[in-house]
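I have placed the structure first, in the form of structure tokens, so that the comments after it can refer back to it.
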Amino acid sequence: MKNSSGRGYLMSFIKDLLFFPSKISDEKQIIDKTLEREIHLARNIQMKLLNGKIPKFEGGEVLGLSLPARLIGGDYYDFYLLGNGKIRVVIGDVMGKGIPAAMLMILTRGAFRSASESTDSPGQTLTAMNQALYEDLRTLKSFVTLFCADWDPQTGILTYANAGHNLPLFIDGKERIVKELPKVSGIMIGGLPNQVYKEGAIHLKNEDIVFFYTDGILEAQNKDGDQYKMERLVHALLSNIDKEIKEIGQCVVDSVNEFTEGVPQKDDITMVLLKVSNRKAKISSFNSSITNSKER
Amino acid sequence: MALSIQKESSNGTTVLKIHGILDISTAFILEQFIQELENVRELIIDFSNLEFIDSTGVGVIIEFIYLSQEKNFTIRFQGIDEQTYEIFETIGLFKVLEAFQDGHSNVS
């Protein structure tokens, strides 16, 4: 009995030893699958929030596109239709990549939406967002660069402010030239507290385009390690300037893909396009529905 | 190794020379030097051999700036090329540095 019990114990021990690696492997597989499922759910959440409702308005169109380098990313863009008929655009880049950056991107989105409710201009929006996020970002040793702009279809004026982001490109639809928006600079969100963000403004005419983007486009690399760079972006924009806004966005993506030839993206790629169209033709019908036309 | 750091210390001055790519995959290497900084009066970060920096890399540089206030030392940047200068300038890094160094830009 003693012998039999001892042998049983020994057999069971040997069996455990033999099957131990496969047990670990099974558990690892379950954890991997759970993680994978959760990352995909997180990606769905991020993509749904990013690709939310695009506001429709008279006098122009907006479009946003984001291609994360990993399953989820830290780039951000958003639109917010203001009560005075203006449309607020924001684009940003959270420090880092992947899940940590994505979590902070969601935090940034909440701050933007909340600030847009209570502020009258892009500079004020960035100030409010910096105040809201500074402590958290400082604690997390992170930062966010943001560019925020208010487009007024009635006056054609785009007012903007910058928190450490690269300047968007202005594409003159008539002259067919591309240049950066007149420079306005400011410190990234999370850099220093109590920041006041200066504002710049530009008058947009019919067929003009403003191209907001993150640096992942210019830094996209091909197999030789060369970067896509500004020259190629300008060429892609000018070659497709007359197309519909969706097509222009897609053409830029195609141009980047053609350049990189399947080399995996290192950084998130995000762009927002604003195209002015038939502002004068539609202004009368637009005026009739707007009451707060004198606000800047 | 995509990133290597050369450290030289003498008379309270520490020089960190960055060689290679400072990005999300290598930033932890430079980050390790943050913990090691003791009894420093001046920290010089040399970017002469920096090949590429991304936002995570910039984040580590900002950590050094924050630490300079905690541990009361000055920071100087040297050997910054045009592209890196533009990145730091756009992000507002020099202004953060100035704010933490009593208005001195300390960039050469």
Side-chain angles (χ1 to χ4, degrees), chain A residues 69-70 73-75 92-101 104-105 126 130 134 137-147 162-168 180 183-198 214-216 218-219 221 225-227 229-230 265-268, chain B residues 2-3 20-35 37 50-71 75 77 81-107:
Chain A
R70 302 178 181 193
D75 275 6
D93 189 346
V94 177
M95 188 199 98
K97 292 178 183 68
I99 297 171
L104 293 179
M105 176 245 148
L126 293 181
N130 189 54
Y134 176 76
L137 291 172
R138 178 75 195 268
T139 306
L140 299 167
K141 296 172 181 170
S142 190
F143 64 86
V144 184
T145 67
L146 288 174
F147 192 95
N162 189 3
H165 202 76
N166 51 289
L167 288 168
E180 282 184 343
K183 189 175 179 180
V184 166
S185 57
I187 294 175
M188 72 285 208
I189 302 294
L192 291 172
N194 308 316
Q195 288 302 295
V196 174
Y197 291 92
K198 286 180 192 165
T214 58
D215 56 9
L218 302 186
E219 290 171 6
Q221 288 185 358
D226 298 327
Q227 294 188 338
K229 290 197 173 169
M230 182 64 81
Q265 261 176 254
K266 275 191 171 178
D267 200 0
D268 305 328
Chain B
L3 179 76
I21 295 167
L22 180 56
D23 67 3
I24 192 165
S25 63
T26 62
F28 73 95
I29 297 170
L30 180 59
E31 217 164 13
Q32 287 167 353
F33 286 83
I34 293 177
Q35 311 306 326
L37 282 179
L50 176 74
E51 289 170 24
F52 176 78
I53 187 166
D54 73 355
S55 63
T56 308
V58 174
V60 181
I61 303 299
I62 293 172
E63 276 190 62
F64 278 109
I65 296 174
Y66 291 154
L67 190 77
S68 72
Q69 194 182 44
E70 276 172 41
K71 295 198 171 179
I75 291 192
F77 293 165
D81 67 13
E82 201 180 329
Q83 197 179 357
T84 306
Y85 188 91
E86 202 178 307
I87 291 168
F88 287 1
E89 176 73 12
T90 301
I91 287 176
L93 188 76
F94 295 133
K95 286 180 180 158
V96 176
L97 180 65
E98 275 179 38
F100 279 80
Q101 305 277 304
D102 300 325
H104 300 290
S105 66
N106 286 351
V107 179

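Bear in mind the structure is a predicted one, so any value in this text is a computation, not a measurement. Naming convention: chains lettered A, B, ... in sequence-line order (proteins, then strands); numbering from 1 in each chain.
For chain A, the nearby part of B:Gln83 is the side chain; its heavy atoms alone come within less than 4.5 Å. Proximity to chain B (any heavy atom under 4.5 Å) is shown, for A:Gln195, by neither the backbone nor the side chain. Only the side chain of A:Thr145 comes within contact range of chain B, with heavy atoms under 4.5 Å apart. Heavy atoms closer than 4.5 Å to chain A are found nowhere in B:Glu86, neither backbone nor side chain.
In the model, A:Asp75 has a side-chain atom that pairs as donor or acceptor with a side-chain atom of A:Thr214 under 3.5 Å.
Considering B:Ile24, B:Leu30, B:Asp23 in turn, B:Asp23 is the only one that fulfils the side chain to side chain contact (heavy atoms under 4.5 Å, CB included) rule with B:Thr26.
Of all heavy-atom pairs spanning A:Leu146 and A:Asn162, the tightest one is O-OD1, 3.4 Å.
Under a 4.0 Å N-O distance rule, the pair A:Lys266/B:Asp54 does not qualify as a salt bridge.
Using bins of under 30°, 30° to 60° and over 60° for the plane-to-plane angle, the ring pair B:Phe88/B:Phe77 lands in the tilted bin.
When the candidates A:Arg138, A:Lys183, A:Lys141 are compared by the number of heavy-atom contacts under 4.5 Å with chain B, A:Arg138 comes out ahead.
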